[in-house]
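All values below were derived from every heavy atom in this structure, side-chain atoms included, with hydrogens, water molecules and symmetry-related copies excluded.
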Amino acid sequence: MPKIIINDKEIEFEKGMTVLQACELADVEIPRFCYHEKLSIAGNCRMCLVEMEKSGKPIASCAMPAAEGMNIKTNTSFVEKARKGVMEFLLANHPLDCPVCDQGGECDLQDQSLYYGVDKSRFVENKRFVKEKYMGPLIKTQMTRCIHCTRCVRFATEVAGVPEIGAIGRGENMEITTYLEKSMESELSANVIDLCPVGALTSKPYAFEARPWELKKTESIDVMDAVGSNIRVDTYNWEVKRVLPRLNNEINEEWISDKSRYSCDGLLKQRLDVPYIKKNNKLQKSNWDEALDLMISKIKETNPNEIAGHLGDMIGLENALAFKKLFEKFNSQNLELREKKFYINTNEKMNYIFNSSIQGIEESDLILLIGANPRHEATMINARIRKAFVKNSLPVFSIGNPGDLTYNYTIIGNSTKDISKLINKESNFSKKLLSSKKPIIIIGESALGLKSGKYIFESIKKFLNDNSFISKDWNALNILTQNASTVGLIDLKVLPNKNDYSFFDKLNDGKFKFLYLLGSDNLEFKKNKEFIVYQGSHGDRGAEIADIVLPNAAYTEQNALYENLEGRIQECRKASYPIGESKEDWKIFNLILKKLDKKNDTFKFESLRKEVFEKVLNFTNINDLPERKLVKEVEESSKFINEEITINPLDYYYSNSISRASKTMSECRQISKKVKKTG
């Protein structure tokens, strides 16, 4: 490996690294504003100046390729003078408004001016003023503070794939703006707030809410979709003030979707804080004893075959396991986790997870989407596909039309007939797929929900198996689930062993007399004469039709394990306390068991968690991918049905009870609808 000398210390570096990256290997911190490791190099701010032997001028370390034999100094008086000069220029037009700036306390410019700033300016000219820009309901602008680092421009163009931000004007008249002064049309737009090294772009919903040093910070995971993005929940007096991304290169890198970031204001709105009972066709406030007594009396007078339960989209594994055990006490097996009919083969783990892994997308040389829209169903997976598309010119194909995905793709069909041609090697695409080394096939819930869902899955799996695309080294079969709870609940065998739709058939035929909805708001059915118990955190769709409402804790208010679409177990940690009289799910089940005179069968959280680890298939370690096991299962026979593959539209900003309660998500949704109408 080539070597470079940094501050008289010899360091080995990889070919292609810049001087700044080599300095990081030597544990030398170089100040920077425009450089970001996930974005292209711009070399705008010149704050990263260092001294190089035989160079009369200081060099910008972020843009200078490291070379064998270079002698770099980073801490000389020459370097310090150069950086102080740059800082003086950067502050020439910067307003002195740190006390009222939301970036205060976590501002790169503040930090660096402490070391390289001066107490007096030599500039006597008036500071320039830049008019504020409109960037939508999420981003607050104060463009007079902007230092033209262009991080936001590069992020929008390269990562988000929506090139709407750019620079207009030249020299002192240069301004960063959205070209048409409209809201950014990206589900990743608010990441520019984290990227901005000054207070030019700040969070509009969080404006003037709190200072960073006043907040309690809890590392957790996001449950708005099945990706399991790593987040940090910041609370003030047990109120969730903001959600920020945590670095995890295997899942979400250092980005999160706008829904993950801004749904948090919904945690305070429309909350259920006491039990309710429906009297005279109207929900009225009650107490735990009265509500549970009524519930138990209904259970006792109902045949176990007529008792059913449905688990919602954000249920943790411990609570799901406790719910399943509770239903065993009811002598009922009528449990379901799907919100609509779609085919799942539960025989082995690889049948319902994203086997190639999110990080594996960057290794792939071909992607085929079947009935999937990753932009709305799993935003961070879409961002990873775009990264591979930009970096590796990854070819993307689709069966079915997903709309704008922020990268170019080719539609190769829109029906199951096109899948039949593919697996029978009758299409031109078959040759491309067979010649690829690491293909990825992503099957969405829209395709699995068709009458031909079984044929689509089983025939694709057989094709991949027959052509050695499923092995211990690489598995090209991937299922794109939409809900945070889906994979984990399948592992806990919440679904009956036979993959049937008897729950939906009985529900629609009115054969259930008692229905227990656990955090379930998206199950669409017409209420007949069922007695419905809804256990949830928000007064949403489930509470509207319920006869008894039991208030539970939201995902930020209880500890729980979740399994993401890759089969990776992660921990969601308690950041605040349940509101009012609401309780954690497993504690509510304990109250029910006590009312049933089964005090000896009550749950303990530690025991539930231990049992979850035992029950999860192919479990290795927390935060790690599951072990790759290939089980020789009996091939499921599947009948060909010719039908069109349509992708069901997802109401992205209203996909769950928390986001539906969020004022910010409501504003984003209204703007999104206006854009679709005018577009």
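Here the two rings, on F323 and Y516, have centers that are under 6.0 Å apart.
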Check the pair Y654, S666 against side chain to side chain donor-acceptor pair (under 3.5 Å), reporting the backbone distance first and the verdict last. CA-CA 8 Å; Y654 265 22; S666 183; 3.3 Å; yes
One pair to check against side chain to side chain donor-acceptor pair (under 3.5 Å): Y555 and D222. What are the steps and the verdict? CA-CA 9 Å; Y555 78 101; D222 172 56; 4.5 Å; no
Verdict with supporting geometry, V390 and E158, side-chain contact (heavy atoms from CB on, under 4.5 Å): CA-CA 8 Å; V390 171; E158 295 162 19; 5.6 Å; no
Between N230 and Q570, does the side chain to side chain donor-acceptor pair (under 3.5 Å) criterion hold? Intermediate values first, please. CA-CA 9 Å; N230 285 219; Q570 298 183 105; 2.9 Å; yes
Pair L565, I479 - check side-chain contact (heavy atoms from CB on, under 4.5 Å), show working. CA-CA 8 Å; L565 48 70; I479 305 300; over 6 Å; no
Checking side-chain contact (heavy atoms from CB on, under 4.5 Å) for the pair I569/F613: CA distance, chi angles, key distance, verdict? CA-CA 9 Å; I569 298 277; F613 288 135; 4.2 Å; yes
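Note that CD1 of I315 is 10.5 Å distant from NE2 of H310, once rounded to the nearest 0.5 Å. Here the CD1 atom belonging to I645 is positioned 6.0 Å from the OG atom belonging to S452, to the nearest 0.5 angstrom. Here D258 contributes atom CG and N191 contributes atom CG; the two are 7.0 Å apart, rounded to the nearest 0.5 Å. Atoms CD and CG, from E458 and N465 in turn, are 10.5 Å apart once rounded to the nearest 0.5 Å. Taken from CD in E377 to CG in N483, the straight-line distance is 10.5 Å, to the nearest 0.5 Å.
When side chains are defined from C-beta on, K527 counts as touching D547, because their heavy atoms get closer than 4.5 Å. Two residues are said to be in side-chain contact when any heavy atoms from C-beta on lie closer than 4.5 Å; E566 and E250 fail this criterion. Using a 4.5 Å heavy-atom threshold, the side chains of I671 and P137 count as touching. Residues R384 and E362 are in side-chain contact: their nearest non-hydrogen atoms beyond the backbone lie under 4.5 Å apart.
Side-chain contact, S662 with S659: no donor N or O sits under 3.5 Å from an acceptor N or O.
With sequence neighbours excluded, the residues that form a side-chain contact (heavy atoms from CB on, under 4.5 Å) with S257 are K259, S260, T379, Y652.
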Got a list of side-chain donor-acceptor pairs under 3.5 Å for residues 503-514, not counting sequence neighbours?
from	atom 1	to	atom 2	distance (Å)
D505	OD1	K341	NZ	3.2
N508	ND2	F504	O	3.0

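The backbone N or O of M314 lies less than 3.5 Å from a partner atom in the side chain of Y562, making a donor-acceptor pair. Checked by atom type and distance alone, the side chain of N355 pairs as donor or acceptor with a backbone atom of L477 at under 3.5 Å. A donor-acceptor pair under 3.5 Å links the side-chain atoms of S435 to the main chain of K432, judged by distance alone. Formation of a donor-acceptor pair under 3.5 Å by the R386 side chain with backbone atoms of A160 is not found in this model. Remark: the backbone N or O of F463 is not paired with any side-chain donor or acceptor of D466 at under 3.5 angstrom. Checked by atom type and distance alone, the side chain of W474 pairs as donor or acceptor with a backbone atom of P439 at under 3.5 Å.
Classified by interplanar angle (parallel below 30°, tilted 30° to 60°, perpendicular above 60°), the ring pair Y407/F389 is tilted.
We find that E254 and K38 are not joined by a salt bridge, their nearest charged nitrogen and carboxylate oxygen being 4.0 Å or further apart.
Tested against D491 for a salt bridge (Lys or Arg N to Asp or Glu O under 4.0 Å), the candidates K324, K349, K615, R568 yield a single pass: K349.
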